[in-house]
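Shown next, in structure tokens, is the structure this report addresses.
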Protein chains: 2
Amino acid sequence: MAITLKDVALRAGVSRSAVSRTFTEGASVSDATRKKVRKAASELGYRPNALASSLTTGRTKLIGLVSDNFRNPIFLEVFDLFTRGLQERGLRPLLVNLSEQKDPGQSLQMLQTYSVDAVIVASSTLPPSFAEAFRDAGVPVVNSFGRHTTSPNVHVVGIDNVECGRMAARSLIDHGYRKLAFLGGPKEATSTQDRLAGFLEIVRATSGVSQTHSFAAQYSFEAGFAEMQNCITNGPAEAYFCGDDVLSIGALSAAQAAGLTVPDQLGIIGLNDMEMAGWTNIALTTIHQPIRQIITSSIELVTAMLNDPTRYPEARLFPCHVVERGTLRPI
Amino acid sequence: MAITLKDVALRAGVSRSAVSRTFTEGASVSDATRKKVRKAASELGYRPNALASSLTTGRTKLIGLVSDNFRNPIFLEVFDLFTRGLQERGLRPLLVNLSEQKDPGQSLQMLQTYSVDAVIVASSTLPPSFAEAFRDAGVPVVNSFGRHTTSPNVHVVGIDNVECGRMAARSLIDHGYRKLAFLGGPKEATSTQDRLAGFLEIVRATSGVSQTHSFAAQYSFEAGFAEMQNCITNGPAEAYFCGDDVLSIGALSAAQAAGLTVPDQLGIIGLNDMEMAGWTNIALTTIHQPIRQIITSSIELVTAMLNDPTRYPEARLFPCHVVERGTLRPI
DNA sequence: CAACGTATTGCAACCGGTTGCAGTGTGTTC
DNA sequence: GAACACACTGCAACCGGTTGCAATACGTTG
């Protein structure tokens, strides 16, 4: 069995309280006893039990990290940054993979069972109601990469997807394309709808420019490939704004397979600027999403909520910008 | 405050024990009380506190999942499969990102503090001593993707890296290349050393075949790109066995950038068969590592150790095979 | 030297469950 | 109808810590 408070207390010749206090910041203990306790503890190899202490303090330092897409390469960066950021602050990520179960009920219940201090919902495809279910249950929650609404019910950190849609349309037009298309992510995702709205806004406001749009079943290479094949058989547009980078690469691949040259016969612009978009044999022109800032900010919000769980919900939006690489022809 | 046992007991008009027992499998409770308790519990929205119960049962169902490379795309699949597999068995992954801290001490201490039931070390680059530190501390551990030694001190699930080295060399030779090279991962990683050993074994046993070898600083696109540039300036070999797929893609990219045509002027074979190796605009010939089986098996071992923590350590190896795509010229 | 303020300390109750044990009630058996 | 086995049930102690409170110790002050 593991070493407990009692063992250390016995060895140091003090009470259990004294031991507990030497290990809690700011408690009243004399240097003499603190020293005795430290010595006994290290001799025995004592490790305080965080779970036991959470019982009285009400804090576990466990943060639920839930996501619904473990196959999109963008999540490599997301997980890396989240885990590091949380670790730096002494918080522990408890991972939840939503791949099948899109209903919040089950994960909510599980995360409550483990008394997580807060939950981060990292997804651009889950409906706002998902994160809200956590809030309704009294669990502090941040929705990273979520939709910005005018009256958010939960903290949201992300980008302005409507503006991204505009940005993409403008960029395609600036590069001389006229027959545009939006090859979106899942139709029901709010991010998809917002991007489409922005895209349409610019297209409709620009004379001589037309558009079509369609949606991929999910954010994956295969879905992008398949949907681009569809588009090609229906008569391809000149340039595509794809829902994200992994979709773009699938689409790119389908275009090449069909013998279309990129960027001359067909232009593509993605969204995310994930690491491999910059790989020289991919060289995808894309809209950069400031992942690092979004995650840093999300973690800031989480820690802020730890101190004030009822903190008034806010939306934090970060600007995006186009990164020119090789999939749009030169202006 | 959350609903506790006591609240439910009060409402149902029974003792706390009765409530506790209705929520534990196989405990002795009559149907009548069970029903009363269930009713009261659901009316109040009671959620048992897993952490509190862990105090007496000694089980948290928390599994530490530690890894040192969150940037290699292969880990997308790894995390997806691990989290799903663990969830299916009612276990919870507590993620540890080792990106900076390669010393087991700190993560060990943290995971002990959270009383994890077991730890999975998912890495082909950490030394065996890393996983052993957990075992020495009495924490059940499985080293996934670790090195198979003749007398393992901890459970290891992975592949035979020496055999992979042989397989790669044979494959390159079969495809008609004669001037071979190994562009390995980190030099100090046991997997790198083993793969090199197998590679050399075949090269030396085959007349008319020569080899050189060098190492990338880490498993990343950039490192592969940089090391291939080095190789090219030093006079490139005809074909390369790269330490893994992401390295291969970096190398591929550098070769193309230098104007070398693949697979004619330069052949490349990778290792892992990660998802994007199959993307049609990459089409990497590579050695398939059966990730799914390795992870399933690792989880099996973990659950077995939950019941028998002193289970005799074993090594489980899974066979690999070459997946022919476009980066070796036809035989 | 007595009175007093402050810093330490230990006691004991509590956090939310679990579980050994003894007591109760029911149904069986003869 | 008495003896007995067995299924339930609640009590109380315990898991490993934390913390309010009262007791003690100590150095100061007048």
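Reminder, nothing fancy here: chain letters follow the sequence lines and each chain counts from 1. Side-chain atoms are counted along with the backbone in the values below, which use heavy atoms only and exclude waters and symmetry mates.
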Is the backbone N or O of [Y] less than 3.5 Å from a side-chain atom of [X], with the two atoms forming a donor-acceptor pair by type?
| X | Y | value |
| --- | --- | --- |
| Ser129(A) | Glu132(A) | no |
| Thr190(A) | Arg147(A) | no |
| Tyr219(B) | Arg71(B) | no |
| Thr125(A) | Ala189(A) | no |

Look at the side chain of Arg16(B) and the base of dG10(D), then say whether one donor and one acceptor between them are separated by less than 3.5 Å. no
### Message
Taking donor-acceptor contacts at under 3.5 Å, does the side chain of Ser17(B) reach the base of dT19(C)?
### Response
yes
Expressed as a whole number of angstroms, how long is the span from [X]:[atom1] to [N]:[atom2]?
| X | N | atom1 | atom2 | value |
| --- | --- | --- | --- | --- |
| Lys6(A) | dA12(C) | NZ | P | 15 Å |
| Leu51(B) | dG17(D) | CG | P | 13 Å |
| Lys35(B) | dT9(D) | NZ | P | 14 Å |
| Asn49(B) | dG16(D) | CG | C1' | 14 Å |
| Arg34(B) | dC8(D) | CZ | P | 9 Å |
| Lys36(B) | dC8(D) | NZ | P | 13 Å |
| Ile3(B) | dG17(C) | CD1 | P | 10 Å |
| Glu25(B) | dT18(C) | CD | C1' | 16 Å |

Looking at the side chain of [X], which of [options] is the nearest nucleotide?
| X | options | result |
| --- | --- | --- |
| Thr24(A) | dA13(D), dT18(D), dG10(D) | dT18(D) |
| Thr4(B) | dT18(D), dG17(C), dT9(D) | dG17(C) |
| Ala52(A) | dC8(D), dG16(D), dG17(C) | dG16(D) |
| Leu55(A) | dG16(C), dG10(C), dG17(C) | dG16(C) |

Short side-chain N/O contact to [N] OP1/OP2 from [X], under 4.0 Å:
| X | N | result |
| --- | --- | --- |
| Thr57(A) | dG17(D) | no |
| Ser20(A) | dT18(D) | yes |
| Tyr46(B) | dG17(C) | yes |
| Thr56(A) | dT18(D) | no |
| Ser30(B) | dT9(D) | yes |

Worksheet entry | Heavy atoms from other residues, nucleotides or ligands near CD of Glu43(B) exceed 12 (cutoff 6.0 Å) | yes
**Greater than 12 external heavy atoms within 6.0 Å of Arg311(A)'s CZ** = yes
With sugar-phosphate meaning primed atoms plus P, OP1 and OP2, does [X] contact a base, only sugar-phosphate, or nothing at under 4.0 Å between heavy atoms?
| X | value |
| --- | --- |
| Arg59(B) | nothing |
| Ser53(B) | sugar-phosphate |
| Arg47(A) | sugar-phosphate |
| Ser54(A) | nothing |
| Val19(A) | nothing |

Overall bend of the helix from dC1(C)-dG30(D) to dC30(C)-dG1(D) (five pairs an end, 10° steps) is 50°
Sorted by position of nearest nucleotide on DNA chain C, 5' first, the leading residue of Arg21(B) and Pro48(B) is Pro48(B)
- Message: Within the 4.5 Å heavy-atom criterion, are Leu98(B) and Leu126(B) side-chain neighbours or not?
- Response: yes
*Note: Glu88(A)-Arg84(A) ion pair, threshold 4.0 Å (strictly below)*: no
**Request:** Give the ring-plane orientation class for Phe23(B) versus Tyr46(B), where under 30° counts as parallel, over 60° as perpendicular and anything between as tilted.
**Result:** tilted
